[in-house]
Participant: 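Just dropping this structure here.
We use all heavy atoms of the structure for the numbers below, so side chains are in, but hydrogens, waters and symmetry mates are not. Below, chain A is the first sequence line, B the second, and so on; all start at residue 1.
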Amino acid sequence: MDDRQRFREVVLPHLDDALSLARWLTGNVPDAEDVVQDACLRAYRAIATTKDINPRAWLLAIVRNAAFTWLAKNRPKTAVTTNDEALFERASLEMVDPQASPETILIGKIDAEQLHTAIAALPLPYRETLLLREIEELSYQEISKILSIPIGTVMSRLARARNLLIQRLAMAGKGKAGAA
Amino acid sequence: MNKPSAWSSREESLLLLNAYLDNELDAASVLEIERRLAADPALKLEHDRLVQLRGVFASQLKTQKASNDFRRRIEAMAEPKFPPVIRRISLPTRARGFAWREMAAAAALAAIIAAGGTYTFLRPNSQSNEIAAIVADHQRALLAATPFDVASSDRHTVKPWFDSKLALSPQVIDLSSAGFPLAGGRVEVIDGKPVPVLVYQRRAHIISVVAIPRAGQKDTTEPSLATTNDGYFVIQWRGRDFDYTVVSDLAENELDEFVNLWRHAARVN
């Protein structure tokens with residue numbers, strides 16, 4: 001099978017997934033398209049040498065790296081340093097108000113915009129881990145490989161990301177209920 | 001999933017709860033977390049929130065669909081005209097191997113044609129007129145102040161220039177590493193239609209590559225056909241979307257080499 005054929009079979013079926021990830025990492029579709037186009041170029045060049053048996057995870061890893069290159073170039077202020085990350089990992093995992101009942105949380109009434117705002121506000125390491133799980137539906141092992149972090153870190157990032165989201169959405173939900 | 005050594009802390013319960021909901025726990029850990037959920041109302045509450053959150057994800061988090069336009073742009077990467085930037089690195093050695101073989105084939109073919117005394121062209125009718133016109137244009141270009149309208153050794157300048165002038169462009173191949181630098185491009189009128197001409201240089205010699213559009217034509221590996229006209233060497237072949245005619249006063253073997261390199265590069269592009 002030649003490279004073009006491989007590219008068509010390995011990359012093209014996962015274009016929506018690639019774009020979704022890039023869209024979440026950059027924040028908008030035009031920038032995401034830039035990133036994915038760059039990622040596809042990289043994928044095309046690397047396709048002859050890759051031995052990866054999981055094309056989707058392989059492509060998403062390239063998209064993720066392309067997104068970071070893009071962010072570093074175009075939005076240097078959002079670039080995450082390793083120090084920031086270490087700080088995040090140390091942050092403790094808090095229970096949401098243990099007394100609150102699920103009904104008062106109201107996150108079931110959250111609309112897409114509120115959810116998007118809350119996800120966008122997550123620190124990048126949490127956000128990308130969450131997205132790989134919730135949008136791309138990758139396994140812990142695949143996420144661990146893409147982000148080059150131990151599985152234990154995948155677990156803790158996911159737990160913290162969801163924890164933060166529940167807290168923020170709970171506030172948004174309350175605000176909404178109060179306004180209504 | 002390995003079971004963490006200590007199960008005591010609430011934080012670890014939360015980590016395991018997430019992994020449980022993500023279907024990432026082994027059977028023993030599943031039993032353990034379910035036991036803990038039954039015994040710990042606060043943990044059960046957290047469980048319910050996470051399930052709620054998952055429901056919100058499922059209903060509100062949509063995959064970004066690639067637009068048709070974008071999809072086509074990406075698909076175009078896998079089409080033959082896409083320049084594979086990386087592969088050129090390995091070109092010289094491979095190209096040489098190819099080129100020599102093809103050159104031998106071309107030489108053999110040329111010998112057969114010469115011996116038979118008959119010239120077969122790609123399209124017998126009007127073909128010799130076309131060659132005469134192309135050679136005349138080449139001669140005229142040599143007499144002009146410059147043999148090109150756009151002077152650039154950068155194919156990224158030449159290709160867009162053609163696109164803007166003619167709304168089409170042949171493959172612009174960079175052979176500078178093989179000693180055939182791109183000099184520029186011009187537009188000729190052949191058979192009443194404007195056609196793109198690439199201009200390459202070899203020492204003091206000018207090589208014109210005339211690209212006559214043949215929409216939808218596939219790239220071929222048919223041998224190139226060589227002839228002479230008015231003292232100029234002419235080599236023709238069919239490429240993707242274009243019929244190519246190369247004219248030069250360069251020595252015939254060097255022009256053969258040029259054509260073989262060019263065709264090879266066009267093919268791997």
Side-chain angles (χ1 to χ4, degrees), chain A residues 3-8 11-12 15-24 29 32-33 36-37 40-41 43-46 48 92-93 95-96 98 100-102 105 107-116 119 131 133-135 139-141 151-152 155-156 158-160 162-163 165-166 169-170, chain B residues 1-2 4 9-25 40-67 69-87 89-90 268:
Chain A
D3 292 356
R4 289 169 196 147
Q5 185 66 19
R6 254 174 79 81
F7 181 80
R8 277 192 285 271
V11 173
L12 295 183
L15 209 50
D16 289 347
D17 292 333
L19 200 61
S20 299
L21 180 61
R23 144 96 180 72
W24 275 108
V29 175
E33 288 186 344
V36 172
Q37 188 161 349
C40 287
L41 252 169
Y44 186 84
R45 291 174 195 170
S92 77
L93 191 53
M95 290 280 264
V96 185
S101 73
I105 299 260
I107 64 174
K109 291 194 168 69
I110 293 301
D111 62 27
E113 198 190 325
Q114 285 171 310
L115 179 65
H116 285 207
I119 293 177
L131 295 171
R133 176 67 211 176
E134 301 292 357
I135 298 196
S139 71
Y140 284 12
Q141 189 156 20
I151 286 191
M155 284 176 76
S156 63
L158 276 177
R160 290 188 175 120
R162 288 170 175 156
N163 192 254
L165 272 185
I166 288 174
L169 291 178
Chain B
M1 175 85 23
N2 295 328
S9 87
R10 179 154 298 283
E11 174 143 342
E12 270 153 356
S13 286
L14 288 177
L15 292 185
L16 287 165
L17 180 60
N18 275 273
Y20 169 69
L21 290 171
D22 285 331
N23 249 330
E24 294 270 353
L25 287 186
D40 183 347
L43 194 64
K44 178 67 170 69
L45 193 59
E46 196 62 34
H47 170 274
D48 294 347
R49 289 191 185 110
L50 285 168
V51 170
Q52 262 194 319
L53 182 66
R54 189 163 65 181
V56 174
F57 284 148
S59 62
Q60 308 286 14
L61 220 47
K62 301 281 187 287
T63 303
Q64 181 68 44
K65 291 265 177 281
S67 66
D69 184 47
F70 180 67
R71 186 169 286 277
R72 269 195 298 276
R73 253 157 67 201
I74 301 298
E75 277 166 356
M77 286 186 184
E79 282 163 14
K81 73 174 170 189
F82 182 74
V85 185
I86 200 77
R87 287 210 257 168
I89 292 168
S90 63
V268 299

Participant: Picking from N18(B), D22(B), L15(B), what satisfies side chain to side chain contact (heavy atoms under 4.5 Å, CB included) with M155(A)?
Facilitator: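 It is L15(B); the other options fail the test.
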Participant: Rounded to the nearest 0.5 Å, what separates atom CZ in R162(A) from atom CG in L17(B)?
Facilitator: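 So the gap between those two atoms works out to 9.0 Å.
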Participant: Using the side-chain contact (heavy atoms from CB on, under 4.5 Å) rule, take H116(A) and L61(B) through it: C-alpha gap first, then chi angles, then the decisive distance, then the call.
Facilitator: CA-CA 8 Å; H116(A) 285 207; L61(B) 220 47; 4.1 Å; yes
Participant: Tell me which of these, D16(A), L158(A), V29(A), has more heavy-atom pairs under 4.5 Å with chain B than the rest.
Facilitator: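 Heavy-atom pair counts peak at D16(A).
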Participant: Using non-hydrogen atoms and a 4.5 Å limit, figure out which bit of L12(A) sits close to chain B: side chain, backbone, both or neither.
Facilitator: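 Both backbone and side chain of L12(A) come within 4.5 Å of chain B.
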Participant: Taking all non-hydrogen atoms of both residues into account, name the closest pair between L165(A) and F57(B) and its distance.
Facilitator: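 Between these two residues, the closest heavy atoms are CD1-CZ, 3.5 Å.
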Participant: Just how far is it from atom CD of E11(B) to atom CG of N163(A), taken to the nearest 0.5 Å?
Facilitator: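 If I round to the nearest 0.5 Å, the distance is 9.5 Å.
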Participant: If you count heavy-atom pairs within less than 4.5 Å of chain B, which of A112(A), G152(A), S139(A), A32(A) leads?
Facilitator: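 Answer, by heavy-atom pair count under 4.5 Å with chain B: A112(A).
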Participant: For a quick test of reading the model, state the closest non-hydrogen atom pair linking A159(A) to L14(B) and the distance between them.
Facilitator: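 The answer is CB-O, 4.5 Å.
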Participant: Evaluate the side-chain proximity of I74(B) to Y44(A): yes if any heavy-atom separation is below 4.5 Å, no if none is.
Facilitator: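 No, side chains not in contact.
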Participant: Check whether any side-chain heavy atom of I166(A) sits under 4.5 Å from a side-chain heavy atom of E46(B), and report yes or no.
Facilitator: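 Side-chain contact under 4.5 Å: yes.
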Participant: Measure distances from R73(B) to the heavy atoms of chain A and classify the residue's part below 4.5 Å as side chain, backbone, both or neither.
Facilitator: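 For R73(B), side-chain heavy atoms alone lie under 4.5 Å from chain A.
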Participant: If you compare all heavy atoms of Q37(A) against all heavy atoms of F70(B), which two are closest, and at what distance to 0.1 Å?
Facilitator: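 Scanning both residues, the minimum pair turns out to be N-CZ, 4.1 Å.
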Participant: Given a strict heavy-atom distance threshold of 4.5 Å, which part of N23(B) is in contact with chain A: side chain, backbone, both, or neither?
Facilitator: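 Neither part; nothing is under 4.5 Å.
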Participant: Of all of K62(B), R54(B), R71(B), which one pairs up most often with chain A through heavy atoms under 4.5 Å apart?
Facilitator: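 Among the listed options, the one with the most contacts to chain A is R71(B).
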Participant: Measure distances from R23(A) to the heavy atoms of chain B and classify the residue's part below 4.5 Å as side chain, backbone, both or neither.
Facilitator: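 Contact with chain B: side chain only.
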Participant: Closest heavy-atom contact between E33(A) and S67(B)?
Facilitator: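 Looks like OE2-OG, 3.8 Å.
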Participant: Return the minimal non-hydrogen interatomic distance between S20(A) and Q64(B), and the atom names on each side.
Facilitator: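 That closest heavy-atom pairing would be OG-N, 2.7 Å.
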Participant: So what's closer than 4.5 Å to chain B heavy atoms on I119(A): side chain, backbone, both or neither?
Facilitator: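 Side chain only.
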